[in-house]
4 protein chains.
Amino acid sequence: MASQKSSASTTATVVTRAATGAVAPKRERGRSRVAAILEAGAEVFAEKGYGGATMTEIAARSKTAIGSLYRFFPTKEALADALLTRYGDLMTERLAAIEARASGLSPSQLADVLVDFMLDMSADRAIALPLIEVTQEAEEKRAHIRGAIRRGLASILTVLDTGITQAEAEGLAVMLLYLLKAVPQLACNGSEVDEPLIARIRALVSLYLVNELPHAQRLANDAS
Amino acid sequence: MASQKSSASTTATVVTRAATGAVAPKRERGRSRVAAILEAGAEVFAEKGYGGATMTEIAARSKTAIGSLYRFFPTKEALADALLTRYGDLMTERLAAIEARASGLSPSQLADVLVDFMLDMSADRAIALPLIEVTQEAEEKRAHIRGAIRRGLASILTVLDTGITQAEAEGLAVMLLYLLKAVPQLACNGSEVDEPLIARIRALVSLYLVNELPHAQRLANDAS
Amino acid sequence: MASQKSSASTTATVVTRAATGAVAPKRERGRSRVAAILEAGAEVFAEKGYGGATMTEIAARSKTAIGSLYRFFPTKEALADALLTRYGDLMTERLAAIEARASGLSPSQLADVLVDFMLDMSADRAIALPLIEVTQEAEEKRAHIRGAIRRGLASILTVLDTGITQAEAEGLAVMLLYLLKAVPQLACNGSEVDEPLIARIRALVSLYLVNELPHAQRLANDAS
Amino acid sequence: MASQKSSASTTATVVTRAATGAVAPKRERGRSRVAAILEAGAEVFAEKGYGGATMTEIAARSKTAIGSLYRFFPTKEALADALLTRYGDLMTERLAAIEARASGLSPSQLADVLVDFMLDMSADRAIALPLIEVTQEAEEKRAHIRGAIRRGLASILTVLDTGITQAEAEGLAVMLLYLLKAVPQLACNGSEVDEPLIARIRALVSLYLVNELPHAQRLANDAS
DNA sequence: CATGAATGAGATTTCATTCAT
DNA sequence: CATGAATGAAATCTCATTCAT
């Protein structure tokens, strides 16, 4: 049923299952199958929450036999975990990319970059995951991911040459992260992006950065 | 998680309280029973999400017999709905109260008032509810509540005499509401309040209001 | 469905569920329901073994809804465990009864009593249980039950006034127990008892006791 | 534990080896593969019972791909059946060997020989198999094997020149077989042999034979 | 009316068996 | 032929809801 052989799944490679108990597919087909499952899982979890999501629906939506689903993810929790991990990896990776080209940016330029980054991520449906209620162990993983993202954001702030210390940067990052979360939550009502709202968020993020970063005023002027 | 053995019970006819299906208890005992159920329901929904919560646990946590629980809330959805309604009512009511004494406040004073208000509300655990996944109909109710709150916030902004129009105020309110939501989410890690973080949020809300409200600068000076 | 209210279940009272996780039924109906489940469980486990038995079949055979079955025995293992416990209790109890009236018996009379006792027990279908493969924990419980039965048998041997020590008696009991197990296994092919075979077993048990018990010869003569 | 997706495969046609369905491997590699599977099968069936054993585990334990396992034994039942057959063949064969050199033995010598024989067999783990629950058809095969063994034992008893008839011998054999079964069951707690217990069994078997065989006393004296 | 045992639809999970590679 | 991924029927188990007591 359905070929979907090659294609897809550039990101699926990153997924660390390891200790999760999930199985690594050997053949090409398996890899795209896993990608489809993760995709469907993200969707269903996002729509129904962890408790409301059913493995049956995820299987159906990814056109996977229930048995195959369980071959790759031996537990509902394992699937949620994999999704969480994938989300964390994705975020970390992209934040690192941003950091690499952040050095010359003005605060408001950075604000734009970050908001765009979140818009990108919200295309990835996995973003809904952070909302999911789960087991003890998953909560720890989520805390870990949040920490990683916060550190990533903080690193970006320090390379901006605003004289900010790592500690201060991490303090800022908490709020900044929260502001950025607004992007997928507020912007994506239904399917289309609410441009005016996005503009507002850009302004707010920019305002926040300019206001909180030492030397930011100067930098802002330089950049203009 | 699913509907079982539904067959439009004969008792459901007795049901009142809007279209919710929740029964209004006449005796004192009944009222406190309902309060306990709502309390427990808020807790459990917050902890486990809608799908993960079980009527049995809610009954146990509120020391109510499962049969009695179903007397007051003939459906899990009815209970969630009642909780949502209560939350909406509470918010509207308190926002009205704030509006009543808002006229003379400076933007930063208003920021403080609003943040305090959210801290108050987060004591009410029902706040977690807005996050939960539910049926179509519940989504509409949630949208409705969000709208009401937004309008309430907007009203407060207009009485501030900053020359802002209702339409502009509603635009601001969207972001403002989002910022305020940070309070329960970020402030209440575990049981104690993270004061420095609260201070940060106060500053940000204040910054946002001062920056976005016309004449705000002047007002801010006046108030100082 | 089906009344089976009072009646039955004189033995069901003995069943210790406690740590098992099984629930104690409060009403009369529940008690007979539990008895029916244990009955069916013993049958099905005996026929198909632990792995081959299905909760669904046990539910069907005891005319219990699957949900009710799981209310009383939250796990297949819990049911097996309860059955095992019941079996152990029954054996211990009856062995104690035999011990109480054993003092004056000759070895061959004792042999008859013990064989009759096993014939009685084999009416109870639970006897098949000792054959069941199960989890680690269940193996321990089985060892424990075996030990209790062995000690019970040993006690009976010591009250016979044959000058045997407790230690020697326990040694004998191992073989004796094994010999007695032959009764349900060999005697009950299908539904009717194979009398000649029973006679053989009686003879063998008697032979064994007379031969192994010191002073037995004298006692045997006395009794004749 | 149940039959799934059965549909009289086309490959099943190739099957030979009695009605079992097991395929006779032609190459050397195939033969050792089959041996490994039988070995693993005996182990797993013994540990978990028929219902609890999984083809996957048997495959893993014999380091065989699941597909290959199914090439040799097209059904779980076929594997159990083959194991049963092997066990029957082994027993019959060895009993015949014992019969060949039994003619001059005294009853107690025979007892020793038989107990040693069972100790040997218990090294073969397949002995656990007779205990397992299976299909109707397998039960018949088991009855058949039991019969063969009983007749084998009876034959041995008749060559002993004790004047016993074949009919009487078969009667004795039932109990004798049962006594002998004690050897693997009681002797092999864990991995080491419980010597004192073995001695007890030897004594009991000897006692039984001496007592039941006509002329046995004389023979016993002759042999001493 | 309160209670909690009973119910069964449906969710999660397992495993014998098949078949593309 | 060997391999192991894929399949789905059936098993275990959960929980919203009902209803006898």
Side-chain angles (χ1 to χ4, degrees), chain A residues 1 23 25-30 33 51-57 59 64-77, chain B residues 1-7 9-12 25 27 29-30 33 51-59 64-71 73-77 79, chain C residues 1 23 25-30 33 51-57 59 64-77, chain D residues 1-7 9-12 25 27 29-30 33 51-59 64-71 73-77 79:
Chain A
M1 337 195 151
V23 134
K26 293 266 167 52
R27 324 258 173 117
E28 183 52 42
R29 178 134 75 102
R33 176 60 36 105
T54 74
M55 292 298 262
T56 312
E57 181 173 1
T64 304
I66 187 68
S68 306
L69 171 51
Y70 272 89
R71 160 165 281 281
F72 295 122
F73 304 98
T75 295
K76 191 177 170 183
E77 202 185 318
Chain B
M1 303 107 224
S3 58
Q4 282 114 331
K5 220 210 282 188
S6 54
S7 61
S9 64
T10 51
T11 61
R27 324 271 177 101
R29 174 121 150 280
R33 182 84 325 161
T54 73
M55 292 299 263
T56 309
E57 181 172 2
I58 294 171
T64 305
I66 184 73
S68 307
L69 171 52
Y70 269 87
R71 173 152 297 283
F73 303 97
T75 292
K76 190 180 176 182
E77 203 185 316
L79 175 55
Chain C
M1 344 224 145
V23 135
K26 294 265 167 54
R27 324 256 173 117
E28 183 52 41
R29 179 133 75 102
R33 176 59 37 103
T54 74
M55 291 299 261
T56 311
E57 182 173 0
T64 304
I66 186 70
S68 306
L69 171 52
Y70 272 91
R71 160 167 281 280
F72 295 121
F73 304 99
T75 294
K76 191 178 169 183
E77 202 185 318
Chain D
M1 305 109 222
S3 57
Q4 280 115 329
K5 217 210 285 186
S6 55
S7 62
S9 65
T10 51
T11 60
R27 323 270 177 101
R29 173 119 152 280
R33 181 86 324 160
T54 72
M55 292 299 263
T56 310
E57 181 172 1
I58 293 171
T64 305
I66 184 71
S68 307
L69 171 51
Y70 270 88
R71 173 151 297 282
F73 304 98
T75 292
K76 190 181 176 183
E77 204 185 316
L79 175 55

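The figures here come from the full heavy-atom set of this structure, side chains too, leaving out hydrogens, waters and symmetry mates.
Across all strands, D:A53 comes closer than 4.0 Å only to sugar-phosphate atoms, never to a base (heavy-atom distances). Looking at heavy-atom distances under 4.0 Å, C:T56 makes contact with a base. Counting any heavy atom pair closer than 4.0 Å across all strands shown, A:T64 reaches no nucleic acid atom.
The listed nucleotides are E:dA16, F:dT17, F:dG4; the one nearest the side chain of D:I66 is F:dG4. In this structure, of E:dA16, F:dT17, E:dT12, it is F:dT17 that holds the atom nearest to the side chain of B:M55.
In this entry the distance linking CZ of C:F73 with P of E:dA6 reads 12 Å, nearest Å. For the pair D:E77 CD and E:dC15 P, the interatomic distance rounds to 18 Å; values are reported in whole Å. Atom CZ in A:R71 sits about 20 Å away from atom P in E:dT12, given to the nearest Å. Taking atom CG on A:L69 and atom C1' on E:dT14, their separation rounds to 13 Å, with Å as the unit.
Nucleotides of DNA chain F nearest to C:Y70 and D:S68 differ in position, and the one nearer the 5' end is that of D:S68. Each of A:E57 and D:T75 was assigned the nucleotide of DNA chain E with the nearest heavy atom; the assignment lying further toward the 5' end belongs to A:E57.
For B:R33, no side-chain nitrogen or oxygen approaches OP1 or OP2 of E:dC1 to under 4.0 Å.
To the nearest 0.5 angstrom, C:M55 atom CE is 8.5 Å from C:F73 atom CZ.
Applying the side-chain contact (heavy atoms from CB on, under 4.5 Å) criterion to C:T64, with sequence neighbours excluded, gives C:R33, C:I37, C:S62, C:S68, C:L69. For D:T75, there are no side-chain hydrogen bond (donor to acceptor under 3.5 Å, both in side chains) partners two or more places apart in sequence or in a different chain.
Residues B:A59 and B:A65 come closest through the heavy atom pair CB-C, 4.5 Å.
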Watson-Crick and G-U pairing of DNA chain F, under 3.5 Å, as dot-bracket with | and [ ]: .||||||||||||||||||||
